[in-house]
**Q** 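Sharing a structure, written as C-alpha cells. Questions coming.
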Amino acid sequence: MNAHNTKAFGTEAATAPLKGMNIERRAAAPNDVEIEILYCGICHSDLHAIHNDWGGTTYPIIPGHEIVGRITNVGESVTNFKRGDLAGVGCIVDSCRECDHCHSGNEQFCENGWTVVFNSPDKKYGGFTFGGFSERIVVDANYVVHVPQTLDLASAAPILCAGITVYSPLKHWKAGQGKNIGIIGIGGLGHMAIKIAKAMGANVTVFTTSQAKAEDAKRLGADNVVLSTDAVQMKNCPKQNMILDTVSAKHDANTYIDLLKVDGSLVIVGLPSEPLEIGASNVVHGRKSFSGSNIGGICETQEVLDFCASHDITADIELININQVNNALERLEKGDVKYRFVIDMASLKNS
Ligand code: NAP
Ligand code: ZN
Ligand code: ZN
C-alpha cells in the first residue's frame, strides 16, 4: 500500500483561521488499518491546542480526536478488523505497550508517554501526528475501536473523547443507584456526563452558568438543575457524593467542594490553562478529595461505546461542513453549542 496525499484542515498559527492543507498519511504497516474518516467531533481540547493555551503546540496543527470512519485497508497482520468495518479513533494512537499501565489497559497513564492522535511527536515514524480534520488516517489496529452499528455515526463520534472522559471517572468513583452525582458545565463533556451518569442509575444534579441550558438540562436527563450564579440555588443544593468538573476556564472550585458530602470527591476533567486554588480547610473539613481524570484506555473506550449502544446514548450535535469550522470554534469559545459540533467529513473530500 502506498502513502497517500490527504486533504486536511488545520492552521499554521494560534491566531490564524483554519484552512485547507495537504498532509501525507503513511502506507499501512502490517498491523495498521487505514480509515476513511466520516465524522469528527470538535472538542474544547482542540480549541485549547489551536490557541496554544497549554503551551507546546507545534504548527501546523491538524486537530480532531473524535473520529468515526470506515476501514478501507488493513495490513497483513490485522485480525480484528476487515475492510468495510466501522471504526473509531480517540486520543491515543500509540503507547509503550510494556509498562504496567499499558498492560492493565490504562494507556493514558503510560510511563513512557503515549502518542496523541494530533500534535504529538510520532516516536515511531518521526514528525508530528495529524488529527481527524482530514480525509483519512492510518492507525495501529491495537488503538482502534469498533463502533456499534446501531449508533448514529455522526452523534457517536463525541463518545471517542467526551464520552470516555466522563465515563471513566463516573465508573471509577462508582456513580450508580443511591449516589448523588453533580456535573459542572453543560458542554460537550458535561451533557454526555448527564446522560451516562443517569444511565448508571445515579441521582444527577447539574451546575450551569447558562440560564438557557438550565431549561434544557432535564431533557438531557438531569434530576436537579442549579444555576451556579444564583447563591440561593447553590446554598439549597443537596450534598453530593461526587462532582465532576468539566469547566474549560478558570473558576472557583471551592464553591463546589462545599457541596460535597463527607468523603466526597470533586473530580476535575476540564483543563483550564490557569491553576485552580483550593482552600486547605475546604478539603480538611469533611475529609474531601480534589482529584482528576484523563480520558480512558482503549479497552474502556470500547466499553463506553458498547455502554452507549446498549443505553441508546449519543451526543446532541450540530452537524457542520468543513467550511463552517472557524465559526464553530468561535461559538465553542463562548460556550454557545448544543452540545457538540461534529464535522461531516464528506464536505472536506468534496471541497
Ligand atoms: P465545552 O463544550 O466548551 O464545555 C465547557 C463548559 O464549561 C461550557 O459549556 C460552560 O458550561 C462551562 N464554562 C465555560 N467557561 C466557564 C467559566 N468561565 N465559568 C464557568 N463555567 C464555564 O468544552 P468540552 O469540550 O466539554 O471540554 C471541557 C474541558 O475539558 C476543556 O478544558 C477540555 O480541554 C477538557 N477535556 C479534558 C479531557 C480529559 O481527559 N481530562 C478530555 C476532553 C476535554 P455552562 O454554559 O453550562 O456553564
Ligand atoms: Zn477531547
Ligand atoms: Zn506504557
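Indexing begins at 1, ligand by ligand and atom by atom, following the structure's order.
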**Q** In plain terms, say whether D223 and K218 are close enough for a salt bridge, that is, a side-chain N and a carboxylate O under 4.0 Å apart.
**A**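 K218 and D223: not salt-bridged.
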
**Q** Side chains of H146 and D85: donor-acceptor distance under 3.5 Å anywhere?
**A**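 The criterion, which ignores hydrogens and geometry beyond distance, is not satisfied for D85 and H146.
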
**Q** Got a donor-acceptor contact below 3.5 angstrom from the N326 side chain to the L18 backbone?
**A**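 Checked: pair present.
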
**Q** Tell me, which protein residue and heavy-atom name are nearest atom 8 (C) of ligand 1, and how many Å apart are they?
**A**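 For atom 8 (C) of ligand 1, the nearest protein heavy atom comes out as K213 NZ, 4.1 Å.
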
**Q** A162 near ligand 1, heavy-atom distance under 4.0 Å?
**A**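 No heavy atom of A162 comes that close to ligand 1.
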
**Q** So is F341 in contact with ligand 1, going by heavy-atom distances below 4.0 Å?
**A**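 No; F341 lies far enough from ligand 1 that no heavy-atom distance drops under 4.0 Å.
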
**Q** With a 4.0 Å cut-off, would you call E318 and R331 a salt bridge?
**A**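 Answer for the salt bridge query: yes.
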
**Q** Which residue holds the protein heavy atom closest to atom 23 (O) of ligand 1, what is that atom called, and what is the gap in Å?
**A**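 For this ligand atom, the closest protein heavy atom is H44 CB, 3.1 Å.
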
**Q** May I ask you to say whether R219 pairs ionically with D316, meaning some side-chain N is under 4.0 Å from a carboxylate O?
**A**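 Looking at R219 and D316, the cut-off is met.
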
**Q** Any N/O of C43 closer than 3.5 Å to an N/O of ligand 1?
**A**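 No; the residue has no nitrogen or oxygen that sits under 3.5 Å from a nitrogen or oxygen of the ligand.
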
**Q** Which pairs pass ring-ring contact (aromatic ring centres under 6.0 Å, His included) with one or both residues in residues 173-225, sequence neighbours excluded?
**A**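 For residues 173-225: H191-Y339, F207-Y256.
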
**Q** Sequence neighbours excluded and cut-off under 3.5 Å, please list the side-chain donor-acceptor pairs for residues 238-246, or say none.
**A**
from: Q240; atom 1: OE1; to: I181; atom 2: N; distance (Å): 3.3
from: Q240; atom 1: OE1; to: G182; atom 2: N; distance (Å): 3.2
from: Q240; atom 1: NE2; to: P238; atom 2: O; distance (Å): 2.9
from: N241; atom 1: OD1; to: N180; atom 2: N; distance (Å): 2.7
from: D245; atom 1: OD1; to: V247; atom 2: N; distance (Å): 3.0
from: D245; atom 1: OD1; to: H251; atom 2: NE2; distance (Å): 3.2
from: D245; atom 1: OD2; to: H251; atom 2: NE2; distance (Å): 2.6
from: T246; atom 1: OG1; to: I184; atom 2: O; distance (Å): 2.6
from: T246; atom 1: OG1; to: G185; atom 2: O; distance (Å): 3.4

**Q** Check this for me: D100, atom CG, are more than 12 non-hydrogen atoms of other residues, nucleotides or ligands nearer than 6.0 Å?
**A**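 Result for CG/D100: open.
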
**Q** So, 4.0 Å and heavy atoms of A214: is ligand 1 close enough to count as a contact?
**A**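 In this structure, A214 fails to qualify as a contact of ligand 1 - no heavy atom is under 4.0 Å.
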
**Q** Among all protein heavy atoms, pick out the one at the shortest distance from atom 33 (C) of ligand 1; state its residue, atom name and that distance to 0.1 Å.
**A**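 Nearest neighbour among protein heavy atoms for atom 33 (C) of ligand 1, to 0.1 Å: S45 OG, 3.4 Å.
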
**Q** With 2.8 Å as the limit, jot down which protein N, O or S atoms are around the Zn ion (ligand 3).
**A**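 Sorted hits: C96 SG, C99 SG, C102 SG, C110 SG.
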
**Q** Quick test: of every protein heavy atom, which one is nearest to atom 47 (O) of ligand 1, and how far off is it to 0.1 Å?
**A**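 In this structure, atom 47 (O) of ligand 1 has T208 OG1, 2.5 Å as its nearest protein heavy atom.
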
**Q** Are R97 and D140 within salt-bridge range, i.e. N to O under 4.0 Å?
**A**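 Yes, charged N to carboxylate O under 4.0 Å.
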
**Q** Considering only protein heavy atoms, which is closest to atom 14 (C) of ligand 1, and at what distance to one decimal place?
**A**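 Going atom by atom, the protein heavy atom closest to atom 14 (C) of ligand 1 ends up being S248 OG, 3.6 Å.
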
**Q** Let's test this: below 2.8 Å, count the protein N/O/S atoms around the Zn ion (ligand 2).
**A**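 Near the Zn ion (ligand 2), the number of protein N, O or S atoms below 2.8 Å is 3.
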
**Q** At a 4.0 Å cut-off, with the gap strictly under it, does some heavy atom of R340 reach an atom of ligand 1?
**A**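 Contact check R340 vs ligand 1: positive.
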
